[in-house]
A.B. asks: 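Before I ask anything, let me first share the structure, which is written out below as structure tokens.
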Amino acid sequence: PALFMENARKGSIVSRANSIGSTSASSVPNTDDEDSDYHQEPYKESYKDRRRRAHTQAEQKRRDAIKKGYDDLQAIVPTCEQQDFSIGCQKLSKAIVLQKTIDYIQFLHKEKKKQEEEVSTLRKDVMALKIMKVNYEQIVKAHQDNPNEGKDQVSDEVKFNVFQGIMDSLFQSFNASISVTSFQELSACVFRWIEEHCKPQTLREVVIGVLHQVKSQLY
């Protein structure tokens, strides 16, 4: 009976161990089967998220473009490169960069206008020199064609008489047109006299008249 009881106890222990093992084995998940059946769903970006991301990218591009523009201005404008002692070594603000750029553009406009005026003056000088050159060439050619023409030179007295006759004629019209009651009236009369009596055609007629008068006195 004692041996029977011992064997029965051992059999009960083995049976319980087998039952526990089978239960544990059945409780372990079948990972192979579940891995083969498990598919992770991909993240789907919503329309709102895409719109927000596109707006963020566009805003960043705009800021980068503005920053590049200010950097280019600061590199191009010479006054932006000069150190401002009131600011020190600090980075120039956008307002200062814009103001210095405006000042520099206005300076360039003034320099351009000044250069255009200088070019216009030089063109007039060149034109006058060309006319003088042509006149001198004609004088030289006429002297070469008639070498004896210059022997009978006009005396200084005759030249003075011509000059005196021209000045006397002009002074007569000047004296008749000018009023000296006040400086303002004198200035106005002088300009009016110049416009009326100093025209090229009027001066030409005066000179021709004086030359005829001097010629009649000589011959």
Side-chain angles (χ1 to χ4, degrees), residues 73-74 76-87 92 95-219:
L73 285 178
Q74 193 166 354
I76 293 173
V77 178
T79 54
C80 289
E81 297 179 356
Q82 299 175 358
Q83 184 177 4
D84 193 344
F85 293 100
S86 62
I87 299 177
L92 296 178
I96 295 178
V97 171
L98 287 178
Q99 186 60 49
K100 287 181 175 292
T101 303
I102 294 172
D103 295 340
Y104 184 63
I105 292 174
Q106 293 176 347
F107 168 76
L108 291 179
H109 279 300
K110 292 180 180 178
E111 287 295 315
K112 181 182 178 182
K113 185 177 180 180
K114 182 179 178 181
Q115 290 178 359
E116 289 176 350
E117 293 177 352
E118 292 177 354
V119 170
S120 178
T121 303
L122 290 175
R123 286 177 178 173
K124 293 179 181 178
D125 293 341
V126 171
M127 184 62 65
L129 290 174
K130 287 182 178 180
I131 295 174
M132 293 174 62
K133 177 176 177 293
V134 172
N135 292 334
Y136 280 121
E137 289 176 350
Q138 292 177 355
I139 293 172
V140 171
K141 186 177 183 302
H143 179 72
Q144 291 175 352
D145 295 339
N146 300 311
N148 297 325
E149 185 179 358
K151 291 183 178 180
D152 298 332
Q153 296 183 355
V154 179
S155 63
D156 292 339
E157 183 180 359
V158 174
K159 290 189 289 185
F160 178 77
N161 290 333
V162 173
F163 178 77
Q164 185 180 10
I166 295 173
M167 291 299 104
D168 289 343
S169 178
L170 291 176
F171 181 74
Q172 290 177 3
S173 63
F174 181 83
N175 190 31
S177 304
I178 299 303
S179 175
V180 292
T181 56
S182 65
F183 181 77
Q184 290 79 7
E185 189 173 355
L186 173 64
S187 301
C189 291
V190 168
F191 284 110
R192 191 183 307 115
W193 173 79
I194 292 174
E195 293 176 354
E196 293 180 0
H197 299 278
C198 293
K199 297 178 181 179
Q201 183 63 29
T202 304
L203 293 176
R204 182 175 181 275
E205 294 175 356
V206 170
V207 172
I208 291 175
V210 172
L211 290 175
H212 282 298
Q213 183 179 359
V214 172
K215 183 178 180 182
S216 63
Q217 293 174 359
L218 292 176
Y219 305 100

A.B. asks: Decide yes or no for Lys141 and Glu137: does some side-chain heavy atom of the first lie under 4.5 Å from some side-chain heavy atom of the second?
C.D. replies: no

A.B. asks: Nearest heavy-atom pair of Gln74 and Cys80: which atoms, and what distance?
C.D. replies: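 Where Gln74 meets Cys80 most closely, the heavy atoms are O-CB, 3.6 Å.
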
A.B. asks: Return yes if a side-chain donor-acceptor contact under 3.5 Å exists between Gln99 and Asp103, otherwise no.
C.D. replies: yes

A.B. asks: If you take all heavy atoms of Leu170 and Trp193, which pair is closest and at what distance?
C.D. replies: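 For Leu170 and Trp193, the tightest heavy-atom pair comes out as O-CZ2, 3.6 Å.
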
A.B. asks: Please report the interatomic distance CG(Leu122) to CG(Leu129), rounded to the nearest 0.5 Å.
C.D. replies: 10.5 Å

A.B. asks: State, to 0.1 Å, how close Val210 and Val162 come at their nearest heavy-atom pair, and which atoms those are.
C.D. replies: CG1-O, 3.5 Å

A.B. asks: Take atom CD in Glu157; do more than 12 heavy atoms of anything else shown fall under 6.0 Å from it?
C.D. replies: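 No - once you tally the heavy atoms of other residues, nucleotides and ligands closer than 6.0 Å, there are 12 at most.
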
A.B. asks: What distance do Lys110 atom NZ and Leu108 atom CG have between them, rounded to the nearest 0.5 Å?
C.D. replies: 11.5 Å

A.B. asks: Check whether Ser169 reaches the backbone of Ile166 with its side chain - one donor and one acceptor, N or O, closer than 3.5 Å.
C.D. replies: no

A.B. asks: Donor-acceptor check, side chain of Thr121 to backbone of Glu117, threshold 3.5 angstrom: yes or no?
C.D. replies: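 Indeed, once roles are kept as given, a pair shorter than 3.5 Å links the two residues.
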
A.B. asks: Quick one: does Thr101's side chain have a donor or acceptor within less than 3.5 Å of a partner on Val97's backbone?
C.D. replies: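 Checked: pair present.
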
A.B. asks: Look up atom SG in Cys189 and atom CD1 in Ile194, then write down how far apart they are to the nearest 0.5 Å.
C.D. replies: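 Cys189 SG to Ile194 CD1: 11.5 Å, rounded to 0.5 Å.
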
A.B. asks: In Å and rounded to the nearest 0.5 Å, what is the OH to CD1 distance from Tyr136 to Ile131?
C.D. replies: 13.0 Å

A.B. asks: Quick one: list whatever passes ring-ring contact (aromatic ring centres under 6.0 Å, His included) with Phe163, sequence neighbours left out.
C.D. replies: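 ring-ring contact (aromatic ring centres under 6.0 Å, His included) list for Phe163, sorted by chain: empty.
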
A.B. asks: To the nearest 0.5 Å, what is the distance between NE2 on His109 and NZ on Lys112?
C.D. replies: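 Here the interatomic distance stands at 7.5 Å.
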
